[in-house]
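The chains referred to below are lettered A, B, ... by the order of the sequence lines, with proteins before strands, and numbering in each begins at 1. Every value quoted in this text rests on a predicted model; they were computed, and no experiment measured them.
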Amino acid sequence: MMTKQSDDVIVKTLSRLLIPFMQIYALYVIAHGHYSPGGGFQGGVILAASLILLVITYGLDNTLRRMNEKLNVIMCSGGVFIYAGIGVLCLILGGNFLDYAKLSPLLGVGIAQARSLGILGVEVGVGMAVMAVMVSIFLDVATGGLPSVDALEKTSRDND
Amino acid sequence: MKAIALIAVLMTGGLLIYSIEGLPDWGDPDSPASTHVSPEYIQDALEKTATPNIVTAVLADYRGYDTMGETAVIFTAGIGCVLILRKKRKGKGD
Amino acid sequence: MIWQLDLIICLFVIICAIAAINVKDLLAAVIILGAYSFFMCLLWTNMGAVDVAFTEASVGAGVGTVLFIAAVNRTKRRSKD
Amino acid sequence: MLEYVVSKFNFWTYVILVGIGLYAMIGKKNLVKKLIGMNIMQSAVILFYVSIGAKKGGATVPIFMGDAHAAHGHGIHEIIDVASYVNPLPHVLMLTAIVVSIATTGVALAALILIFRRYKTLNEDEILKIRREAGV
Amino acid sequence: MEVTVLVHATDQAFRILEEARKRSTEILDAAARLTAETQSLRQKKVQAMFKGARQTKVEAIRFVATFLIMFAFWLFLSGHYDFFHISLGLICCGLVSHASYDLLFANPRQGDMWVIVKRFILYIPWLFYQIALSNLHVARLALGPRRLIEPKIIKFKTKLESDISLVALANSITLTPGTITIDIKDGVYYVHAISKKVAEDLMTGEMEDRIAHIFMEADHVYVQDVLDVAPIFGALK
C-alpha cells in the first residue's frame with residue numbers, strides 16, 4: 001500500500017526537510033511565470049507532488065489532517081471559478097471575455113501592466129485547480145476509491 | 001493479432017513517411033508555421049502585456065479562452081475519476 | 001540546437017520506448033516510461049521549448065510515474081507479453 | 001540519402017515512435033501496456049509539434065532577457081528580431097496538451113482499476129473469455 | 001460509692017476529651033489534606049497553563065523560523081526585489097509556513113542550532129576530502145586486478161540517537177564512493193562495501209564520531225575535547 005506510513009528513517013527525515021522547500025518552489029514557479037519558464041500548470045503539479053510525497057511517507061491520515069477532502073474540492077472548483085470570474089469581470093467592465101485591458105481602471109495601473117496582473121490571477125486559478133485535481137486523482141487511484149481515514153482499514157482487509 | 005498490428009503499423013508508418021516529403025526541414029526559420037501569426041506574438045508580447053515570457057503571454061492572454069477550456073477539461077477529468085472509482089461509504093449511504 | 005546531441009537523444013528515446021513496451025515486469029516498464037519522459041524533456045530543452053520541457057519533467061516524469069505505480073500497485077505486477 | 005535522413009531526423013523519430021505506440025496499443029494484450037503505448041504516442045505527437053517550432057541558427061528560448069524588459073520600462077522600443085526567438089505557438093498548444101494527457105491517463109487508470117476489481121485480470125483475452133462465458 | 005462514681009465520671013470525661021481530640025485532629029488532617037489537594041490541583045493547572053503557553057511559544061518559534069528560512073529561499077530564487085514581488089513572497093511564505101510549520105522543525109533543540117550549523121559547515125571539507133580519497137581508491141580497483149574487489153555487506157550498531165544524525169551518517173556513507181547504506185533498522189546499519197579497505201575505513205568509526213560531534217550526541221565529544229587539552233598540560237609540566 002502506498003498510503004501507509006513509511007518506516008524508513010532516511011526517507012521520512014529527508015522528505016520532512018524537503019517538502020516545505022518544494023512548496024515554496026512551486027509557489028515561486030507560479031508567481032514568476034512571467035519572467036522564467038513556469039506558470040500555473042507546472043507550479044500546480046509540483047505542489048501536488050509535494051502533497052503526494054507527504055502521503056507516501058507520512059501516511060494518508062496525517063495528510064488529510066492538513067488538507068481534507070472538503071478543502072480539496074473547494075480548491076478544485078475554486079480555481080476554475082477564479083479563471084472564469086476574471087473573464088466575467090472583464091465582461092462586466094465593458095470588454096470582451098478575458099480582455100484584461102479593461103481591468104486597468106479597477107487596478108489603477110496602465111493597460112500593459114493590467115494585462116500582466118490579469119495573467120497572474122489566471123495562473124493562480126490554474127495552479128489551484130491543477131493541484132487539487134492531481135491530488136484527488138492520486139488519492140483515488142492509490143486507495144481504490146476510499147480516501148478517508150475510517151475506510152482505510154477496510155480497504156487493506158479487502159486487499160489481503 | 002500481432003500480424004494485424006504489424007500491418008497497421010506499417011501502413012501508418014508508410015503514410016507518415018510519405019508525408020515527411022512535404023514537411024519543411026528541421027529548424028527551418030521560414031517554415032509556414034513560423035511565418036503566419038507567431039512573428040506578431042514575438043513582436044507584440046512584451047510591449048502590450050509587459051510579460052517577458054512569450055509563452056505565458058500567449059497562453060493566458062492571447063489564447064486565454066483556449067486555456068480556460070483546458071482547465072475545464074482537467075477539472076472534468078478529476079470529477080470523472082472520482083465518479084468512476086469512489087465507493088459508497090458504509091453508514092453514510094442510504 | 002546541436003544536431004548531433006539531438007540525434008543521440010532521439011536514439012535513446014527510441015530505445016526507451018521499445019524497452020518500455022517489451023519488458024514483462026510492469027513496474028519496470030513504468031520506470032522506463034519515466035526515463036523516456038525525461039529523455040523527451042532533454043530533447044525539448046535542446047530545441048528551445050523550455051516551458052514544454054519543464055511541464056514534461058514535472059508531469060510526465062513525476063506525477064505520471066507516481067500514478068502508474070499506484071495503479072500497478074493496486075493491480076497485478078506481472079504481464080504475459 | 002544520409003543527408004536526407006539527417007535533415008529531417010526528428011520527423012523520422014516521430015514516425016518510429018508513433019509506430020511503437022500504435023503497435024503497443026493494438027498488439028499487446030495487457031491493458032497497462034496499452035496505456036504505456038498511448039502515452040508514447042502522445043509524446044510523439046507533441047515532439048512533432050515542438051520540432052515544427054524549432055529554428056536553426058542562434059534562435060533562443062522565447063523569453064526576453066532582463067535588458068529588453070528594462071528598455072521597455074524606460075520607454076525605449078527596440079526592434080525585436082523575430083528570427084532570434086523560437087516559435088512560441090506550438091509550445092503553448094503542447095503545454096496544455098501534456099497536462100490534459102496526464103489527466104486523461106488518470107481517468108484511464110481509474111477505469112483500469114475498476115476492470116481489475118471486476119474481472120481479477122488485466123489480460124484482454126481473458127477478460128473477453130470471461131465475458132463470453134457469462135453470455136454477455 | 002461516690003468515689004467510684006467520681007472516678008467513673010472523670011474516666012468518661014477523659015474518654016470524651018480523648019475522642020474529641022482525635023476527631024478534631026482527624027478533621028484538621030482532612031482539612032489540611034484538602035487544602036494540599038487543592039493546592040496541588042491549582043499547581044497542576046498553572047503548570048498546564050504554562051505548558052500550553054510554552055507549547056504555543058514553541059509553535060510560534062517554529063512558525064517564525066520556518067517563515068524566515070522560506071523567505072531567505074524565496075529571495076535567493078526570485079531576483080526581483082521590488083515591492084510587488086516582495087509582498088508576493090511574503091504571502092507565499094506565510095501560506096507555506098502555515099501549512100507545514102511542523103515539518104521543518106519536528107523536534108527542535110533551541111540554543112545550540114548555531115553551533116550545529118557551524119560544525120556542519122566545518123564538516124563538509126573533510127567529507128569532500130574523504131570522497132576524493134575513496135574515489136581514487138575505487139578508480140584503482142576498477143583499473144586493477146579483479147581479485148581486489150570483494151563486495152560484502154557489513155553490519156554495525158551505531159551510538160547515534162536522533163534521526164537527523166542517523167540520516168546524515170547514512171548519506172555521508174552513501175556519498176562516499178564504494179559504500180552504500182542499504183537500510184537502518186533499530187540503530188543497526190546495513191552497508192554494502194565494495195572492497196576490504198573501504199569496509200575497514202568505515203569500521204574505524206571516524207565518520208560516526210564526527211557526525212556525533214556535529215549533533216553533540218555521544219560521550220566521546222568530551223573525550224575529544226580532553227584530548228585536545230592534554231598536550232597543553234604536557235607543556236606546562
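Proximity of D:Met38 to D:Gln42: side-chain heavy atoms (C-beta onward) are separated by under 4.5 Å at one or more points.
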Side chain to side chain contact (heavy atoms under 4.5 Å, CB included) for D:Ile127 and D:Arg118? Distances and angles first, verdict last. CA-CA 10 Å; D:Ile127 291 171; D:Arg118 182 152 173 191; over 6 Å; no
Could you check D:Lys28 against D:Glu124 for salt bridge (Lys or Arg N to Asp or Glu O under 4.0 Å), going step by step and ending with a plain yes or no? CA-CA 9 Å; D:Lys28 293 287 173 183; D:Glu124 194 189 15; over 6 Å; no
Pair C:Tyr36, D:Leu17 - check side chain to side chain contact (heavy atoms under 4.5 Å, CB included), show working. CA-CA 11 Å; C:Tyr36 165 87; D:Leu17 287 178; 3.8 Å; yes
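Heavy-atom distances place no part of D:Ser101 under 4.5 Å from chain C, backbone and side chain included. Of the two parts of C:Phe54, neither the backbone nor the side chain holds a non-hydrogen atom closer than 4.5 Å to a non-hydrogen atom of chain D. Looking at C:Leu43, the atoms closer than 4.5 Å to chain D (heavy atoms on both sides) all sit in the side chain, from C-beta outward. Using a 4.5 Å cut-off between heavy atoms, C:Ile21 contacts chain D through both its backbone and its side chain. Only the backbone of D:Ala44 comes within contact range of chain C, with heavy atoms under 4.5 Å apart. Heavy atoms of C:Ile14 lying under 4.5 Å from chain D belong to its backbone as well as its side chain.
The main-chain N or O of D:Met25 is found under 3.5 Å from a side-chain atom of D:Lys34 such that the two form a donor-acceptor pair. Judged by distance alone, with hydrogens and angles left aside, the side-chain atoms of D:Lys33 form no donor-acceptor pair with the main-chain N or O of C:Ala29 at under 3.5 Å. At distances below 3.5 Å, at least one donor-acceptor pair connects side-chain atoms of D:Lys55 with backbone N or O atoms of D:Tyr85.
Between D:Lys120 and D:Glu126 there is no salt bridge, since no side-chain N of the basic residue sits under 4.0 Å from a carboxylate O of the acidic one.
For chain D, the option among C:Gly60, C:Cys10, C:Ser37 with the highest count of heavy-atom pairs below 4.5 Å is C:Cys10. Note: D:Leu47 leads D:Leu47, D:Ile102, D:Val61, D:Leu112 in heavy-atom pairs under 4.5 Å with chain C. Ranked by heavy-atom pairs under 4.5 Å with chain D, the first of C:Ala20, C:Ala70, C:Ala49, C:Gly64 is C:Ala49. Comparing D:Ile40, D:Leu95, D:Val99 by how many heavy-atom pairs each has under 4.5 Å with chain C, the most go to D:Ile40. Your options are D:Leu122, D:Val86, D:Leu109, and the one with the most heavy-atom pairs under 4.5 Å with chain C is D:Leu109. For the set D:Asn123, D:Thr105, D:Ile46, the count of heavy-atom pairs under 4.5 angstrom toward chain C peaks at D:Ile46.
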